[in-house]
Amino acid sequence: MVLNASEPPDLAGSKVNRTNAWLPAVRIYLAIIAVGNLLWEAAHLPLYTIWTTGSMREQAFAVVHCTGGDLLIATSSLVIALILVGDSQWPGRRFWHVAGLTMLLGVGYTIFSEWLNIIIRQSWAYSDLMPIVTILGFKVGLSPVFQWIIVPSFAFWMAVRYNSTVKALSEGPRPERIGGR
């Protein structure tokens, strides 16, 4: 097999597919997850008692600590989803399977974590401002559940949008667009 020197071989010895943008998609997803969760954690801080009982330093630590945890949850959920339902050409194929399972795992873990830390460990508490819903018999804050739906949805949307742009650029101009049509 003869390869063009500008095209590095992959492990199987074939040319690397330049339209397979899994690494940039993961980077975009995680960057948006980090920023989005940092903003969300800061915004919903008044929904927890630390808003009135904690010092500014304790509140800042809580926001940074929780954002770090969010990033770990998002990364773990994504890796598990990629292993279980992903494809070697992800995000080009099976994108929404991976996104859906990632978000389901994130929401599931969040419900468990809220229950564990509010009810069992009593590590934190909701303020009277937190809207509460009952999920699977547990009372859970609505804000953290929405956080694990809204932030990952936006992150995945941006990642798939980037992937579509890269794919369109790599395919070149469409014949119907040549000639000013």
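These figures come from a predicted structure and were not determined experimentally.
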Practice prompt. May I ask you to test the Trp115-Ile111 pair for a side-chain heavy-atom distance under 4.5 Å?
Written response: no
Worksheet item: Who passes ring pair (Phe, Tyr, Trp, His ring centres under 6.0 Å) against His97, sequence neighbours left out?
Response: none
Worksheet entry | Heavy-atom side-chain proximity of Phe138 to Ile118 below 4.5 angstrom | no
Response to the item:
Taken to the nearest 0.5 Å, the spacing of Cys66 SG from Asn37 CG works out to 10.0 Å
Discussion item. Tell me if a side-chain donor or acceptor on Thr110 pairs with a main-chain N or O of Val145 at a distance below 3.5 Å.
Written reply: no
Discussion item. According to a hydrophobic-cluster definition based on side-chain heavy atoms being under 4.5 Å apart (Ile, Leu, Val, Met, Phe, Trp, Tyr only), do Leu23 and Val160 belong together?
Written reply: yes
Item to complete: Taking all heavy atoms of Gln59 and all of Gly54, pick out the closest pair and write down the distance.
Response: NE2-O, 3.2 Å
Response to the item:
Smallest heavy-atom separation, Ala74 atom then Ile33 atom, equals CB-CG2, 3.5 Å
Practice prompt. Measure the spacing between CG of Leu78 and CH2 of Trp90 and express it to the nearest 0.5 Å.
Written response: 5.5 Å
Worksheet item: Does His65 reach the side chain of Glu41, with side-chain heavy atoms less than 4.5 Å apart?
Response: no
Worksheet entry | Lys/Arg-Asp/Glu bridge criterion (N-O < 4.0 Å) met for Arg94, Asp87 | no
Worksheet item: Distance from Ser77 atom OG to Asp70 atom CG, nearest 0.5 Å?
Response: 10.5 Å
Worksheet item: Val107 and Leu104: same hydrophobic cluster, using ILVMFWY side-chain contacts below 4.5 Å?
Response: yes
Worksheet item: Same hydrophobic cluster for Ile132 and Ile120, using side-chain heavy-atom links shorter than 4.5 Å among ILVMFWY?
Response: yes
Discussion item. Looking at every non-hydrogen atom in both residues, tell me the closest pair between Ala34 and Thr67 and how far apart they are.
Written reply: O-CG2, 3.7 Å
Fill in: CD1-CE distance between Ile28 and Met158, expressed to the nearest 0.5 angstrom
7.0 Å
Worksheet item: How long is the gap from CD1 on Ile149 to CE on Met103, to the nearest 0.5 Å?
Response: 6.5 Å
Practice prompt. Return the minimal non-hydrogen interatomic distance between Leu71 and Leu30, and the atom names on each side.
Written response: CD1-O, 3.8 Å
Discussion item. Check for me, please, whether Val35 and Val64 land in the same ILVMFWY cluster - side-chain distances under 4.5 Å, paths through other members count.
Written reply: no
Worksheet item: At what distance, to the nearest 0.5 angstrom, does CD1 of Ile73 lie from CG of Leu105?
Response: 11.0 Å
Item to complete: Check the surroundings of atom OH in Tyr109: do more than 12 heavy atoms from other residues, nucleotides or ligands lie under 6.0 Å from it?
Response: no
Worksheet item: Got a sec, which residues hit ring pair (Phe, Tyr, Trp, His ring centres under 6.0 Å) with Phe156, two or more places apart in sequence or on another chain?
Response: Tyr29, Phe95
Worksheet item: If Ile, Leu, Val, Met, Phe, Trp and Tyr residues are connected whenever their side-chain heavy atoms lie under 4.5 Å apart, and connections chain through other members, are Val133 and Trp148 in the same group?
Response: yes
Practice prompt. For the residue pair His44 and Tyr48, categorise the inter-ring angle as parallel (less than 30°), tilted (30 to 60°) or perpendicular (more than 60°).
Written response: perpendicular
Worksheet entry | Side chains of Ser143 and Trp40, donor plus acceptor under 3.5 Å | yes
Worksheet item: Phe146: what forms a ring pair (Phe, Tyr, Trp, His ring centres under 6.0 Å) with it, not counting sequence neighbours?
Response: none
Fill in: Closest non-hydrogen atom pair between Leu45 and Trp51, with its separation
O-CB, 3.4 Å
Worksheet item: Which pair of heavy atoms, one from Thr49 and one from Tyr126, lies closest together, and at what distance?
Response: CG2-O, 3.5 Å
